[in-house]
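To start, the structure itself, in structure tokens.
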Amino acid sequence: MPIYHTLGNIPHKRHTVFEKENGGYYYEQLFGTIGFEGMSSLLYHVHRPTMVKAMLGSKSITPKIAEKTNTLSRCFIGFNVAPEKDYLNSRKAILVNQDCQIELAAPQSSMDDYFYKNADEDELLFVHLGKGVLKTLFGNLEFSPGDYLLIPRGVIYQIHFETAENRLFIVTSHRPIYTPKRYRNWFGQLLEHAPYCERDIRKPKDLETHDELGDFTIMVKKQGMLYEYIYASHPFDVVGWDGYNYPYAFSIHDFESITGRVHQPPPVHQTFETDVFVVCSFCPRLYDYHPQAVPAPYNHSNIDSDEVLYYVDGDFMSRNHIEKGYMSLHPSGIPHGPHPGAMERSIGQKETAELAVMVDTFKPLMVTEYAYSLELPDYYKSWLE
């Protein structure tokens with residue numbers, strides 16, 4: 001997200017001496033992407049951020065694939081994911097390809113005993129249920145239902161929940177996640193026609209500096225493995241930082257839907273993008289205002305992308321018998337559209353209160369073994385009259 005931000009204390013000029021008041025020096029760290037050409041930030045640590053004491057072990061967290069090729073439309077009952085106390089154990093991969101992984105999670109407890117870093121992927125967490133604070137070495141971000149939390153790869157974080165019932169829809173990406181380029185000018189500023197602006201982006205605040213030495217467990221995800229590292233200093237020992245690469249929050253409730261006289265195509269709902277998938281937000285909005293408009297979407301073929309819809313709230317106009325937490329998959333090459341009766345019901349309606357998150361991937365998604373335990377049988381037959 002190309003918005004400059006700074007917290008805490010930093011030296012007047014980068015790559016220069018930054019002395020502590022009681023003697024010694026702070027340690028500068030460049031936190032960047034795409035070599036030295038992507039977005040980056042400079043952080044200043046009390047202790048060297050490189051002090052590894054031990055690597056205790058590792059385990060594979062690569063999802064087990066049940067179907068590598070899929071042509072069936074499917075639906076998964078997301079709230080059937082059983083709650084688990086541990087945050088990492090609660091994350092269940094449902095759909096994956098070489099570019100991204102789509103997960104559901106129902107964690108019950110805060111991350112008190114360890115920190116976590118995904119060294120391979122950006123993480124986009126959508127908070128369906130739950131409230132708390134995302135703590136990172138960049139500062140804190142409060143979250144509540146409807147928030148997207150964008151965590152760039154390599155960020156060390158903890159999630160502290162204030163609630164016991166928490167539901168997350170998670171997308172991890174091997175490609176950087178950005179705001180849509182058609183909403184930005186050549187300086188990176190969001191344009192007037194964009195469905196949200198910089199005021200809606202919540203940046204880290206309340207930088208907590210922990211000047212602590214000891215044994216600190218950091219769980220690191222790398223190449224499908226989870227490694228348990230022990231660091232000699234608290235990872236949140238940053239006294240200040242500045243730059244463009246940091247986690248941020250955006251509420252789906254701040255997305256201003258774009259409408260028209262007739263039905264608008266899904267790209268008007270686009271919220272985030274990569275070069276291999278996009279994320280859209282379907283929010284409460286007025287329907288089309290042509291006197292003969294059909295508000296329900298027209299039938300369409302996903303020739304080039306798999307479509308995943310996660311249903312958050314409201315009555316989703318184009319579907320029958322869809323409940324909160326359901327997640328549908330409409331695969332590429334197979335046409336889909338409104339369920340029987342949905343198009344007819346939509347005619348003459350003035351508005352919708354639906355709330356959903358959509359992910360369109362440009363490569364086919366594989367179905368995991370765990371996904372089978374959530375599947376709604378015979379969903380692909382639900383268009384029969």
Worksheet entry | Ring centre gap for F126 and F169 strictly below 6.0 Å | no
Practice prompt. May I ask you to decide if the ring planes of Y183 and H193 are parallel, tilted or perpendicular, using 30° and 60° as cut-offs?
Written response: perpendicular
Discussion item. If you count every heavy atom of other residues, nucleotides or ligands that lies below 6.0 Å from K20 atom NZ, does the total exceed 12?
Written reply: yes
Fill in: Whether over 12 other heavy atoms sit under 6.0 Å from Q98 CD
yes
Discussion item. Check the orientation of Y229 and Y231. Use parallel for under 30°, tilted for 30 to 60°, and perpendicular for over 60°.
Written reply: tilted
Worksheet entry | F282 ring center within less than 6.0 Å of H269 ring center | yes
Discussion item. Taking atom NZ as the centre, does K203 end up with more than 12 heavy-atom neighbours from other residues, nucleotides or ligands that are less than 6.0 angstrom away?
Written reply: yes
Fill in: salt bridge (Lys or Arg N to Asp or Glu O under 4.0 Å) partners of K181, counting only residues at least two apart
E273
For residues 367-378, dump all side-chain donor-acceptor pairs below 3.5 Å to protein atoms at least two apart in sequence or in another chain.
from: T368; atom 1: OG1; to: A93; atom 2: O; distance (Å): 2.8
from: T368; atom 1: OG1; to: I94; atom 2: O; distance (Å): 3.2
from: T368; atom 1: OG1; to: A371; atom 2: N; distance (Å): 3.2
from: Y372; atom 1: OH; to: E67; atom 2: OE2; distance (Å): 2.6
from: S373; atom 1: OG; to: Y370; atom 2: O; distance (Å): 2.6
from: E375; atom 1: OE1; to: R74; atom 2: NH1; distance (Å): 3.0
from: E375; atom 1: OE2; to: R74; atom 2: NH1; distance (Å): 2.8

Worksheet item: Are Y148 and F272 close enough that their ring centers fall under 6.0 Å?
Response: yes
Discussion item. Under 6.0 Å between ring centres: does that hold for H234 and F115?
Written reply: yes
Worksheet item: Between Y196 and F250, what is the ring plane arrangement, given parallel below 30°, perpendicular above 60°, and tilted in between?
Response: tilted
Practice prompt. Taking the six-membered ring for Trp and the single ring otherwise, decide whether the centroids of W241 and F31 are under 6.0 Å apart.
Written response: no
Worksheet item: Do V17 and V238 belong to the same hydrophobic cluster, where Ile, Leu, Val, Met, Phe, Trp and Tyr are linked whenever their side-chain heavy atoms lie under 4.5 Å apart, directly or via other members?
Response: no
